[in-house]
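Data first, discussion second: the structure below is written as structure tokens.
Nothing here was measured: the structure is a model prediction, and the numbers come from that model. Values below: all heavy atoms of this structure, side chains included; hydrogens, waters and symmetry mates excluded. Both counts, for ligands and for their atoms, begin at 1 and track the order of listing.
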Amino acid sequence: MSLAPLLDAAPAIPLHALAAIAAFVLGIVQFAAPKGTLPHRTLGWIWVLLMVAVALSSFWIHTIRLVGPFSPIHLLSIFTLIMVPLAVWRAHTHRVADHRRIMIMTFTGALVIAGLFTLVPGRIMHAVAFGP
Ligand code: HEM
């Protein structure tokens with residue numbers, strides 16, 4: 001394993017990937033820890049900022065150009081920018097079951113599934129994890 005392929009890439013890419021990895025770790029902490037507490041709210045806002053950074057930074061990444069400069073994965077970024085504020089709004093309005101459902105869906109779809117897809121051969125995280 002080597003971080004060199006990530007750190008050698010254009011700045012948006014390490015920013016994007018490191019924010020995504022931090023959001024993945026923080027997300028696991030959030031799911032395991034007690035809900036509704038001050039730490040849950042504080043870490044939750046940090047997670048929201050990380051996810052916004054992941055999604056926004058992706059619009060400066062164009063390694064898979066399938067639709068003009070964009071790839072279908074950019075739809076996931078738009079989805080994330082809609083679902084994360086919606087999940088926060090559901091918590092704010094005490095619709096806890098909806099908040100929980102949207103957060104689980106976003107974490108699974110955006111971080112677990114998208115994270116696994118970054119490991120396919122030819123992508124930077126594959127080179128990070130398994131070498132060139
Ligand atoms: C653990 C999670 C993630 C990791 C490690 C990761 C890492 C990366 C890396 C290294 C790239 C650069 C291109 C490549 O070699 O693939 C990339 C591209 C991209 N990522 Fe992520 N990412 C993660 C999650 C996400 C999430 C949550 C989103 C959306 C909200 C996202 C959206 C994108 C998009 C749209 C691209 C650009 C694809 C293109 O080149 O056209 N990624 N990601």
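Under a hydrophobic-cluster definition in which Ile, Leu, Val, Met, Phe, Trp and Tyr are linked whenever side-chain heavy atoms come within less than 4.5 Å, directly or via other members, Leu49 and Met103 are assigned to different clusters.
You'll find the side chain of Phe59 reaches within 4.5 Å of the side chain of Leu81, heavy atoms only.
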List the atom pairs, donor and acceptor, that lie under 3.5 Å between side-chain atoms in residues 12-24 and the rest of the protein, sequence neighbours left out.
| from | atom 1 | to | atom 2 | distance (Å) |
| --- | --- | --- | --- | --- |
| His16 | ND1 | Val54 | O | 2.9 |
| His16 | ND1 | Ser57 | OG | 3.2 |

Would you give me the side-chain donor-acceptor pairs under 3.5 Å for residues 64-73, sequence neighbours excluded?
| from | atom 1 | to | atom 2 | distance (Å) |
| --- | --- | --- | --- | --- |
| Arg65 | NE | His62 | O | 3.3 |
| Ser71 | OG | Ile73 | N | 3.1 |

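Taking every heavy atom of both residues into account, Ala110 and Met51 meet most closely at CB-CE, 4.0 Å.
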Output, or 'none' if empty, a list of ligand 1-protein atom pairs in which both atoms are N or O and the distance is under 3.5 Å, rounded to 0.1 Å.
| from | atom 1 | to | atom 2 | distance (Å) |
| --- | --- | --- | --- | --- |
| ligand 1 | 15 (O) | Ile124 | N | 2.8 |
| ligand 1 | 16 (O) | Arg123 | NE | 2.4 |
| ligand 1 | 16 (O) | Arg123 | NH2 | 2.7 |
| ligand 1 | 20 (N) | His16 | NE2 | 2.9 |
| ligand 1 | 22 (N) | His16 | NE2 | 3.0 |
| ligand 1 | 40 (O) | Thr63 | N | 2.7 |
| ligand 1 | 40 (O) | Thr63 | OG1 | 2.4 |
| ligand 1 | 40 (O) | Ile64 | N | 2.9 |
| ligand 1 | 41 (O) | Ile64 | N | 3.3 |
| ligand 1 | 41 (O) | Ile64 | O | 3.1 |
| ligand 1 | 41 (O) | Ser71 | OG | 3.3 |
| ligand 1 | 42 (N) | His16 | NE2 | 2.9 |
| ligand 1 | 43 (N) | His16 | NE2 | 2.9 |

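The side chain to side chain donor-acceptor pair (under 3.5 Å) analysis of residues 99-113, with sequence neighbours excluded, yields the pairs Asp98-Arg101.
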